[in-house]
Amino acid sequence: MNDTTKPDTAAPDYRATLNLPDTPFPMRGDLPKREPGWVKQWEEQGIYKQLRDARCGAPKFVLHDGPPYANGQIHIGHAANKILKDMIVKARQLEGFDAAYIPGWDCHGLPIENQIEKTHGRGLPRDEVQAKSRAYAGEQIDAQRLDFKRLGVLGEWDRPYRTMDFKNEAGEIRVLKRLFERGFVYRGLKPVYWCFDCGSSLAEFEIEYQDKQSPAVDVAFLSAEPDKLAAAFGLAALAKEAFTVIWTTTPWTIPANQALNLNPELPYALVDTPRGIFMVAKALVEKCLARWKLEGTVLATTQGKNLAMLKFKHPLAHVDAGFDRESPVYLADYATAEDGTGVVHSAPAYGLDDFQSCVSHGMAFKDILNPVQGNGCYEASLPLFGGLHIWKANPVIAEALENAGRLLSHVKITHSYPHCWRHKTPVIYRAAAQWFVRMDEGEGLFALDKAEKSLRQTALEAIDATSFYPENGRARLRDMIAGRPDWCISRQRSWGVPLPIFLHKDSGLPHPKTLEFIERAAEIVEAGGVEAWAKLDAADWLGAEAAEYSKGSDILDVWFDSGSTFQHVLKGSHAGAAHDSGPEADLYLEGHDQHRGWFHSSLLIGCALYGRAPYKGLLTHGFVVDGQGRKMSKSVGNVVAPQAVSDKMGAEILRLWTAATDYSGDLGLDEKILARVVDGYRRIRNTLRFLLANVSDFDAKADAVPLDQLLEVDRYALARAAELQTEILAHFQRYEFHPVVAKLQVYCSEDLGGFYLDVLKDRLYTTAPKSLARRSAQTALWQLSHAMLRWMAPFLSFTAEEAWQVFDGDHAGRSIFTETFWKFPQGQSDADLLAKWSRIRTIREAVNKAIEEVRAAGQVGSSLQAEVALGVNAQDLTLLQSLGEDLKFVLITSAATISEAAELTVTVSPSTAQKCERCWHYRFDVGSNPAHPTLCGRCDSNLHGSGEARQFA
């Protein structure tokens, strides 16, 4: 008889009996490939609208976007700024606020106009400049919008605000009208910063200081009244020609000299030298003689106040009749003995102090000499130097003074000098008839509802009421407001919002119906843009009076554009996204240079309109620099383009870098820094993957274990996570992200990877799938997943959304950002639990160290091959005994014994027991069931019996 049946001798596959983790959430992020899909999906599913619907009726959080300029591709600074804003808005959204984000763009101004001139040439008619500028700005916005969306920034991208939107342009004109009514606006001749490249005046905000080499000259002014000069010094007469001497680094201003300034309280000396008698500050005599390479003797001294109104002759008076005029002495505190000669030459058209001094001494505006034209060249009619550009005129003027016998010294010095913020070229003060916003008390034009306090006082009080992040921004902004001059708001360009004013050709006064005309201008601009004003024929409004008035062609300072956006955006086009009461946003956020820019102009306009700032808080961040702290520059080759990083590593890495960097200082970025960020990202992603993989078969509704039935280490894990969440939410409240990233990474590597998940693996993998032991662990992991996804969502938005769709399968398509931060269940003794397990972890670290030493010596392989004997103090003995048999699971050893000792001791020895094929523990009950000779007793029970009992771990 042939029996063909054979017994089944194949070894059982015990690996198949383990509850191994499983998840579609991949280990590799593949961010550059996956992220564009998420951007597209967010757009197609209308995620931003979902967020608004989810928070309908909730308290609002308003971050008002400081508009980037609509010109050129976004750079890494733009990226960091937009990501930081996005993180804050998302954190507030998760906190339960209705946190809308309305992106904006600054669309008017010189850079765009310059681009049009470069492309199409200078001299275009105004209407062409405006039309081409508007089209160009629109193209730039479309390109920048794509890059911002690629960074994962959620917002109302299909309806942003643009300063060139007709309603915004009209709103800005109405803001101007209100400033008139509040008594803050006036027109006056005054020296203002002037850039020859811009061909326009500049505001204080548009000035930066750089080193510049300039000629420093000492120039002698001959006394026109030598007898009076002698008498002022108590002398009967002067034996030689007498001069006073000025020192200046701007020789180009000397052709426009009209006065001299002395300090009334300084003592001045008459010094006899071989070249004549010279008057300078007594304290500077030795320095001056050394500079002039002359010997001299002091003849007499007197106080500056005794020299008031003495007259001296222009240094070129005897060279050309065009300079044959006198310079009277005016007393002024700004003349000092710190450097120079103690005598200041005054060209009132080219210095604010000079201007104020001359006007206060009775000089009429019409008498102020202003030969420098807007392009930097002297008027052709100026004697000797007509037609020269002032920078080229400096050496020519010095030579003329030398030939005239009036030059005592001529050297080059390097000093800090104001430059145009945009062109990086030196600027000058230049007197021009401009429109100003008054900082201090005074009369404004058409004041119907005059403010009770000065703008300066109101702004300083508003700064005190504002929160600053970091706090040092308060002093910086306060100093700027405290010392700033009146704000020149007019510019002489084409592309911008007009000052719609008619000026009388003879008197220079605005038309009596100016306020009415401003409102009419706002109406036509709201219908047809700024172009409507440009095309307006004055006769349409003025009729027969049109011949008497000139139509204003100035535009408003671009900082007026952006500074007034809170009014026509938060209270206008996007009012639904703002607080119901008042114009305030909760936060303005920009680079720290905006203390003198957008923060500054917004503060002044808010205070002028409402008597308060338009923001409750100001947050500033530093500039992006390379890893060595150097400014990014194409010439240096250290520029990091956000587009390149997104394409190579993923925008998520840029987001994590932004979050991980302390933005209160400069933000360092290079390849090495990005590599470290990638490592940090992988740690977080791998931890997240472990969590998701171990709850893939967990249904919270059916499987969740109540808090009081959870194993103790699971309750500890939730208590520790709740403790961490309290810290994280406090950081989010203060707009701090780098501590969150640091704590999250430590949490992933130490709290989870180094402890809890390490301890949990055996229970998750080896106990029965539906056992209390495993469901307890899964209940904790499920809650940790909920919490961690929300913690990371503000900065790791793509990853959190991807993981959320895997984790929250019941709500496919619902965004993580519609959720709120997780609410952990609170136990009655969480503090005691945290303290207990903190001590256990400390002891475990000592055990791990001892095992590692034995493993390094080759005596054991894994920690499960080790048996440990612990000597601990009485308190720790009670602590560890409370874990019972579960102590070995906490230590991840096959056996553990404890005894009382004076101090902590750890003895490690290799186990002599057999290794279980399934759980890899070394146990003496391996093979206790002959049917399963390679299994230990607990695995046999977990597979075929009632299952092992776990209480603590």
Would you say W822 and Q725 are linked by a side-chain donor-acceptor pair, where the criterion is simply a distance under 3.5 Å? no

Under-4.0 Å salt bridge between D830 and R715: no

Are the ring centres of F821 and W791 closer than 6.0 Å? no

Minimum heavy-atom distance between L891 and A896, given as atom pair plus value: CD1-CB, 4.0 Å

Measure up the F698 and W782 rings against each other and bin them: parallel (under 30°), tilted (30 to 60°), perpendicular (over 60°). tilted

Is the shortest distance from a Lys or Arg side-chain nitrogen in D679 or R682 to a carboxylate oxygen in the other one below 4.0 Å? yes

Check D98 with R92, please: is the shortest side-chain N to carboxylate O separation under 4.0 Å? no

State, without any angle test, whether Q865 and Q859 hold a side-chain donor-acceptor pair at a distance under 3.5 Å. no

Should we say atom CD of E903 is surrounded by more than 12 heavy atoms from elsewhere, each under 6.0 Å from it? no

Can T17 and R918 be counted as having a side-chain donor-acceptor contact under 3.5 angstrom? yes

Could you tell me if Q628 and D670 have a donor-acceptor pair between their side chains, going purely by distance under 3.5 Å? no

Strictly below 4.0 Å, N to O, side chains only: are K90 and D86 in salt-bridge contact? yes

K836 vs S882, test: side-chain hydrogen bond (donor to acceptor under 3.5 Å, both in side chains). Steps then yes/no. CA-CA 10 Å; K836 173 182 177 178; S882 72; 3.0 Å; yes

R474 side chain to T466 main-chain N or O, any donor-acceptor pair under 3.5 Å? yes

Here the pair of heavy atoms bringing P26 nearest to R34 is CG-NH2, 3.1 Å

Can you confirm if the aromatic rings of F824 and H786 lie within a centre distance of less than 6.0 Å? no

Which heavy-atom pair separates V705 from T779 by the least distance, and what is that distance? N-OG1, 3.0 Å

Do the side-chain N and O atoms of Y756 and D714 include a donor-acceptor pair separated by under 3.5 angstrom? yes

Using a 3.5 Å distance criterion without hydrogens, assess whether the side chain of E652 forms a donor-acceptor pair with backbone atoms of F798. yes

Just by distance, no angles: are the side chains of H738 and Y663 close enough, under 3.5 Å, to form a donor-acceptor pair? no

Salt bridge (Lys or Arg N to Asp or Glu O under 4.0 Å) partners of residues 943-953, not counting sequence neighbours, each pair once: D762-R950, R938-E948, E948-R950

Indicate whether the side chain of Y681 and that of R685 have a donor and an acceptor atom separated by less than 3.5 Å. yes

Apply side-chain hydrogen bond (donor to acceptor under 3.5 Å, both in side chains) to the pair E712 and W837, showing each step before the final yes or no. CA-CA 9 Å; E712 189 171 282; W837 281 91; 3.0 Å; yes

Geometric cation-pi criterion, R689 with F25: 6.0 Å, 45°: no

Could you check whether R720 pairs with E723 (Lys NZ or Arg NE/NH1/NH2 to Asp/Glu carboxylate O, under 4.0 Å)? yes

Taking atom types as modelled, find out whether S815 and E801 have a side-chain donor-acceptor pair closer than 3.5 angstrom. yes

When you compare the side chains of Y469 and S664, does any donor N or O come within less than 3.5 Å of an acceptor on the partner? no

Report yes or no: do S894 and K888 form a side-chain donor-acceptor pair below 3.5 Å? no

Taken in chain and number order and not counting sequence neighbours, the residues that satisfy salt bridge (charged side-chain N to carboxylate O under 4.0 Å, His left out) with E727 are K743

Side chains of K915 and T934: donor-acceptor distance under 3.5 Å anywhere? no

What is the minimum heavy-atom distance between Q951 and D886, and which atoms define it? N-OD2, 3.1 Å

Can you tell whether the side chains of D925 and R923 come within less than 4.0 Å, N to carboxylate O? yes

Which heavy atom of I892 sits nearest to which heavy atom of V759, and what is that distance? CD1-N, 4.1 Å

With no hydrogens and no angle check, just 3.5 Å: does a side-chain donor-acceptor pair link Q50 and T818? no

Between K770 and D703, does at least one N-O distance fall below 4.0 Å, as a salt bridge requires? no

Is the backbone of A768 close enough, under 3.5 Å, to the side chain of S771 for a donor and an acceptor to pair up by distance? yes

For P825 and L707 the tightest heavy-atom approach is CB-CD2, 3.9 Å

Under the side-chain hydrogen bond (donor to acceptor under 3.5 Å, both in side chains) rule, what pairs show up with a residue in residues 19-30, not counting sequence neighbours? none

